[in-house]
Amino acid sequence: MRRLAGLVVIPLLLLSLAACGDDGGSDSTSSKNGFPEITAGAKFGEKPTLGKGEGTPSKELQTDVISEGDGAKLKKGDAIQVNYLGQSWDSTKPFDNSFDRKTPFDLTLGAGMVIQGWDKGLEGQKVGSRVELVIPPDLGYGAQGQGDIKPNATLVFVVDILKATEVPTTAKGTEVAQGNADLPKVGVNADGKAPKVTIPKTDPPNKLVSNYVLESKGEVVKDTDTVVLNYEALLWKDAKTFDSTYANGKTVTFPLPQLTLKGLKDGVVGKKVGSRVLVVIPPADAFGDKEQEGIPKNSTLVFAVDILAKV
């Protein structure tokens, strides 16, 4: 089973920095208490400018709370939204930042969406805080490096924690009748385990299907939202599961404006947070006549989706 790739156009490439921009930076070498100093833009919400690190960086993860917020402490599994700037210890130029894009970055903490230094360094920090992280290579990109980041580079990040949402383990709501014999049936279990999906031995529908299985009383999802999902994904043709967040043990966080699988986006928009939804995606709204990650061309896809939260 392979997790779907390429579903989201990710501006932040913390896991795979294919290209790193020149965002300008400080030409000075300046540090404070072992951390490169913020020489401009020190306040929460401002784009920071970092000095170059001095001396040999620590081999351990270092965390400095520049300013502490008064929000809840971050926990594993929380859906969080941050702004950030990243720079190598021995560089004066940032390799990436979200401030210039004016688009915060959304992730699920502890889900392996980012380098380990982020997951470890942000856990326990409060919403509203500005935190500086010094991340050793073994919690960053290691000996292989990535893009413009050199092998065995120590990384420095300034992170503003904007908000956090506690994510439930399962959808809950009123059961909705699944009376159409020509559509898949989805289990209604609310134990956090994958729901059973039974696909009929009939021809698939030609148009997108998005039906409630469990309907909650949550907010309606908009196409500008970022959502946290659990899902089972199957091929209609042979009922083979090709992806499962349950099997991977990790939810996914999708900024819907960047979700490239049109049928999944359209199937979630307009539904209520906290619900379970059956989404059947015809080839035209999936991958069309192109094979994708082992999914045959012209495949109809079936998703059982729990909309757990929106950030």
Side-chain angles (χ1 to χ4, degrees), residues 11-12 14 23 26 30-51 58 60-87 94 96-135 139 155-169 216-222 224-229 250-256 273-274 307-311:
L12 170 69
L14 285 176
D23 298 301
S26 171
S30 182
S31 63
K32 184 178 181 181
N33 299 325
F35 291 82
E37 188 172 3
I38 299 176
T39 58
K43 294 181 180 179
F44 183 94
E46 296 179 342
K47 177 185 174 182
T49 300
L50 276 172
S58 173
E60 304 293 329
L61 174 66
Q62 302 291 310
T63 304
D64 184 29
V65 179
I66 305 299
S67 60
E68 187 174 57
D70 56 7
K73 289 186 177 180
L74 303 185
K75 308 181 304 299
K76 284 183 180 178
D78 283 351
I80 69 172
Q81 186 175 84
V82 302
N83 271 321
Y84 70 93
L85 179 139
Q87 188 167 300
D96 193 16
N97 88 88
S98 66
F99 294 93
D100 286 348
R101 287 191 294 271
K102 301 187 186 305
T103 303
F105 178 63
D106 301 297
L107 68 144
T108 302
L109 194 65
M113 295 176 63
V114 290
I115 54 177
Q116 291 185 60
W118 267 50
D119 277 339
K120 293 177 181 293
L122 294 179
E123 185 178 355
Q125 303 301 331
K126 292 182 178 181
V127 174
S129 297
R130 166 165 284 195
V131 179
E132 185 173 351
L133 304 174
V134 177
I135 301 175
L139 297 179
L155 307 179
V156 183
F157 284 92
V158 176
V159 183
D160 286 354
I161 304 169
L162 304 179
K163 58 182 178 178
T165 303
E166 188 172 354
V167 179
T169 59
S216 78
K217 296 181 180 179
E219 295 181 63
V220 173
V221 175
K222 303 186 296 295
T224 55
D225 286 334
T226 292
V227 294
V228 183
L229 308 178
K250 298 173 182 178
T251 60
V252 293
T253 301
F254 285 146
L256 291 179
V273 174
I307 308 171
L308 298 177
K310 72 174 186 176
V311 182

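Please read all numbers here as calculations on a predicted model, not as lab measurements.
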| request: Could you walk me through whether D64 and V131 pass the side chain to side chain contact (heavy atoms under 4.5 Å, CB included) test, one step at a time? | output: CA-CA 6 Å; D64 184 29; V131 179; over 6 Å; no

| remark: Here the pair of heavy atoms bringing V227 nearest to L256 is CG2-CD2, 4.0 Å

| note | Here the pair of heavy atoms bringing N83 nearest to P104 is OD1-CA, 3.5 Å

| query | To the nearest 0.5 Å, what is the distance between CG (N97) and CD (Q87)? | reply | 10.5 Å

| said: To the closest 0.5 Å, what do you measure between CZ (F44) and CD (E46)? | reply: 11.0 Å

| query | When the ring planes of Y84 and F157 are compared, do they come out parallel, tilted or perpendicular, using 30° and 60° as the limits? | reply | tilted

| query | For L139 and L61, which heavy atoms make the closest approach, and how far apart are they? | reply | CD1-CB, 3.9 Å

| task | Show your reasoning for whether side chain to side chain contact (heavy atoms under 4.5 Å, CB included) applies to D100 and K47. | result | CA-CA 8 Å; D100 286 348; K47 177 185 174 182; 3.0 Å; yes

| Contact summary for V82 and S98, nearest pair of heavy atoms | O-OG, 4.3 Å

| field | No-hydrogen, no-angle side-chain donor-acceptor test under 3.5 Å, T253 and D106 | value | no

| said: With heavy-atom distances below 4.5 Å as the criterion, would you say the side chains of F35 and Q62 are in contact? | reply: yes

| message | I want to check something: taking the side chain as every heavy atom from C-beta on, are V156 and L133 in contact at a cut-off of under 4.5 Å? | response | no

| request: Indicate yes or no: at least one non-hydrogen side-chain atom of V158 is less than 4.5 angstrom from one of L50. | output: yes

| query | Judged by atom type as modelled, is there a donor-acceptor pair below 3.5 Å linking the side chain of S216 to the main-chain atoms of V273? | reply | yes

| Going by heavy atoms in the side chains, are L155 and W118 under 4.5 Å from each other? | no

| Any side-chain heavy-atom pair from K163 and I80 closer than 4.5 angstrom? | no

| task | Output, in order, the C-alpha distance, side-chain angles, deciding distance and verdict of side chain to side chain contact (heavy atoms under 4.5 Å, CB included) for F105 and V114. | result | CA-CA 11 Å; F105 178 63; V114 290; 3.8 Å; yes

| query | What are the two closest non-hydrogen atoms of L122 and L109, and how far apart are they? | reply | CB-CD1, 4.0 Å

| request: Compare all side-chain heavy atoms of M113 with those of T108 and state whether any distance is below 4.5 angstrom. | output: yes

| said: Give me the atom names and distance for the closest heavy-atom approach of D119 to G112. | reply: OD2-N, 3.5 Å

| task | Measure the shortest side-chain to side-chain distance between V127 and L162 over non-hydrogen atoms and say whether it is less than 4.5 angstrom. | result | no

| How would you list all residue pairs meeting side-chain hydrogen bond (donor to acceptor under 3.5 Å, both in side chains) that involve residues 123-135, not counting sequence neighbours? | R130-D160

| Would you say the side chain of D78 lies within less than 4.5 Å of the side chain of V167, judging by non-hydrogen atoms? | no

